[in-house]
Amino acid sequence: MPDRKSMIKRLVDYYEEVLSLPHRTEIARELRDEDDLFLLLLYSDMLGIPNPAFYYTLELYPYIIEKFHDWHLRMGMEKSPLEGIRCC
């Protein structure tokens, strides 16, 4: 006979899965929108929008440069708007 705790845990996991299933696309869209806003904040100074935290966000560039191409395409920019970052 399976352990009672593991059965309850599986039941709770199943319940959470059933509740979140219809909202997965909404959650994914919201997370993507948050990422887009965050990347806009990071690159805002290079786009001509003043960013008081520019000095501190420079450290993040190496980690997010891989996402830059997808981001500028989602924002409707065919080519990279930044001269220092060429991805296309």
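This is a predicted model, so every value here is computed, not measured.
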Is it true that a side-chain atom of Asp36 and a backbone atom of Trp71 form a donor plus acceptor pair closer than 3.5 Å?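 No: the side chain of Asp36 does not pair with the backbone of Trp71.
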Hey, what do you get for [atom1] ([X]) to [atom2] ([Y]), rounding to the nearest 0.5 Å?
X     : Y     : atom1 : atom2 : answer
Tyr14 : Leu19 : OH    : CG    : 10.5 Å
Leu37 : Ser44 : CG    : OG    : 10.0 Å
Arg32 : Ile27 : CZ    : CD1   : 13.0 Å
Leu11 : Ser6  : CG    : OG    : 11.0 Å
Ile8  : Asp13 : CD1   : CG    : 12.0 Å

salt_bridge(Asp70, Arg74) N-O dist < 4.0 Å: no
Are Leu41 and Leu60 connected in the hydrophobic side-chain network, where two residues link if heavy atoms are under 4.5 Å apart?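 No: no chain of side-chain contacts under 4.5 Å links Leu41 to Leu60.
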Check Asn51 against Leu42 and note the closest heavy-atom contact, atom names and distance.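 In terms of heavy atoms, the two residues are closest at ND2-O, 4.4 Å.
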